[in-house]
Every structure is written in structure tokens, then in C-alpha cells.
Amino acid sequence: MGRPERPVTGPPHLESLALYLRAYRATAGVTYEEMSQHVDASPATLKRTAAGTKVPRWDRVAQFQHAIREINDVALYKVDETLPGSPDSHRVREALHTLWTYARREERDTLEIKKVAPETVGNPAELRYALWTLYETAGAPPLRTIQARGGELILPLSSLARIVSQEAIPADDQQLIAFLNGVGRTSPTWHGRWTKARTRAISSRESSQMLQHAPDADRDRDFPSSRQIRFSHAKINRKIRLGFTRTG
């Protein structure tokens, strides 16, 4: 099995991820050299994935699991003894993704951020913030990963970057759904709730714009323009001059 791995000394959530990966490999009884023969990664890369010194990319964690499954069926092994029943690949994948997400949030200092319910969104600013919380609580996946999940044509990187930086909202419902798919919100029920939130936000913005322009329209209607004022002054001055001429 090779030399023992170095102790994990990282922060708590990163440590949990690394220890889970190590326990998973040890229970399967495989080496990094064996794993590397089944995926496009070297033994050193796979070992770094479970080193606990830096949060690995999610695709590396998924690759780690895939390599073990190619050698030994994950359903034969029980990684976490506190969980009821026998493990399967889906449950292990969910556990790994949860651990990775918390390690990423720990790294980005976003553990305190809470998701926003779409029903509470009422304007564009609230929608921008709510979508940002979805991105951060998903572990802030790489933009290209989100784009690949949502669709490159629907979700250009430039638009995606503006969405995750709270500078813009999705251009339409199709782009919104692509973003949701990209951050793991794939349920049609979720899509419906968020498209309704976007509709409310857009309606709020349009109403705000109407109110913003209304005073200008009223002012134009109630008060004379500068041109009208100049014309009135000229007319008055002309009357005054004419009056002096007649009386003179």
C-alpha cells in the first residue's frame, strides 16, 4: 500500500473531506498507482486530492471516486459506519459533494451565507443577491463548469460572470434556468419558483422606471420650459418698449 500518508492539518471541513477520501480508498484496498490506471490522472495528482493541504477541484474528487469504482464496486464497502444500510455510489457521491462544498465555502469564508427563498425576492437587487447566494452555497464552482452544465450558447461566460458578481440578472427565463442547472438546482419545481421570482423582479424594475420618469413628465406639464420662459420675457420686454414709445 506504500508509505503512510502525512497527517491532515488543514481547517476542519477540508480535513473532513481529506479523511473521507482516505478512508474510502483504504476500505476499497487500492493504491494510487492502481487508481491512476483507470483515470486521466497521475498517482501524485490523486494523492494530492486527499492530502488535505488545499481544497481540490470537484472534478478531481469525482475522478478519485470513479477510479476506485473502476477497481472495486463501491457497494461492497461501508465508508461511514454511522450511516444506516450499505453504501452505494450515489450516496458516496452525495457525501463527497457535501464535504467538498463545505470545504470550498470554508476556503472562501462564506459558511455564514444563507440561501434566499425565491418567494422573498421582489426586486432586481434582491434577485441578484439571491442568485449569488446560490452560487456561493454551491461552493462557487468554476464558471466553465456552470456553463457546461447549463449550456454554452445560453449562458456566455461574460453574462455568467456578471450574474455571480451581482452586477446583472439573467437576460431571460432560459438563461436563468441554465444558471440554476449550473449550480445544481435542476428540479423543475425550483425552476418554476425562480422564474416567478424573476418575473416579480422585472415587474418591480419596470414600475420603478415608470415612477422615476413620472415626475419629469409632470414637471414638463406644469412648468414652462426655459425656451417658453425666454419667449415670455422677450414678449414682455417688447410690450414695455412699445408702451414707452406710445407714451413718449
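Fair warning: this is a prediction, and the values are worked out from it, not measured in the lab.
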Point to revise | Donor-acceptor pair, side chain of Arg6 and main chain of Ala51, under 3.5 angstrom | key: no
Exercise for review: Kindly say whether Pro170 contributes a backbone atom to a donor-acceptor pair with the side chain of Arg198 at under 3.5 angstrom?
Suggested key: yes
Exercise for review: Could you grab the distance from atom OG of Ser203 to atom CG of Asn123, nearest 0.5 Å is fine?
Suggested key: 11.5 Å
**Study point:** Approximate separation, where rounding is to 0.5 Å, of Asn181 CG and Leu176 CG
**Key:** 9.5 Å
Review point. Are Lys47 and Glu5 close enough for a salt bridge, meaning some N to O gap below 4.0 Å?
Key: no
Review point. How long is the gap from CZ on Arg93 to CD on Gln65, to the nearest 0.5 Å?
Key: 4.5 Å
Check your understanding: Is it true that the side chains of Asp173 and His191 contain a donor and an acceptor less than 3.5 Å apart?
Key -> no
Revision key, fill the gap. Sorted by chain and residue number, the ring pair (Phe, Tyr, Trp, His ring centres under 6.0 Å) partners of Tyr102 (sequence neighbours excluded) come out as His13
Check your understanding: Quick check: does any side chain N or O of Thr27 sit under 3.5 Å from a backbone N or O of Tyr24, one acting as donor and the other as acceptor?
Key -> no
Point to revise | Glu94, CD: over 12 other non-hydrogen atoms inside 6.0 angstrom | key: yes
Study note, to complete from the structure: When rounded to the nearest 0.5 Å, the distance separating OG1 of Thr195 from CG of Asp172 is 11.5 Å
Exercise for review: Please answer whether the main-chain N or O of Leu155 pairs with a side-chain N or O of Ser159 as donor and acceptor at a distance below 3.5 Å.
Suggested key: no
Review point. Counting N and O atoms only, with roles assigned by atom type, does the side chain of Arg149 sit under 3.5 Å from a partner on the main chain of Gly182, one being a donor and the other an acceptor?
Key: yes
Point to revise | Separation between CD of Gln147 and CG of Leu160, rounded to the nearest 0.5 Å | key: 7.0 Å
Review point. Can you find a pair of side-chain heavy atoms, one from Val183 and one from Ile146, that are under 4.5 Å apart?
Key: yes
Practice item. Answer with yes or no after comparing the ring centroid distance for Trp132 and Tyr135 against a 6.0 Å cut-off, counting only values under it. Key: no
Review point. Would a 4.5 Å heavy-atom cut-off, applied to side chains only, mark Pro156 and Gln175 as touching?
Key: yes
Check your understanding: For residues 101-114, which residue pairs qualify under salt bridge (charged side-chain N to carboxylate O under 4.0 Å, His left out), counting only residues two or more places apart or in two chains?
Key -> Arg104-Glu107, Arg108-Glu136
Check your understanding: In the hydrophobic cluster built from side-chain contacts under 4.5 Å, what are the other members alongside Ile154?
Key -> none
Practice item. State, yes or no, whether a side-chain contact exists between Thr101 and Trp58 at a heavy-atom distance under 4.5 Å. Key: no
Check your understanding: Donor-acceptor pair, Glu34 side chain versus Thr31 backbone, under 3.5 Å?
Key -> yes
Check your understanding: Going by distance alone, is a donor N or O of one side chain under 3.5 Å from an acceptor N or O of the other, for Thr45 and Arg48?
Key -> yes
**Study point:** Euclidean distance, Thr137 OG1 relative to Ile113 CD1, rounded to 0.5 Å
**Key:** 8.0 Å
Exercise for review: Using a 4.5 Å cut-off on heavy atoms from C-beta on, say whether the side chain of Ile202 contacts that of Ile169.
Suggested key: yes
Review point. If only atom types and distance count, is the side chain of Trp194 paired as donor or acceptor with the main-chain N or O of Thr189 below 3.5 Å?
Key: no
Point to revise | Residue pair Pro43 / Glu33: nearest heavy atoms and the distance that separates them | key: CG-CA, 4.0 Å
Point to revise | Within 45° cone of Phe64 ring axis and under 6.0 Å: Arg25 NZ or CZ | key: no
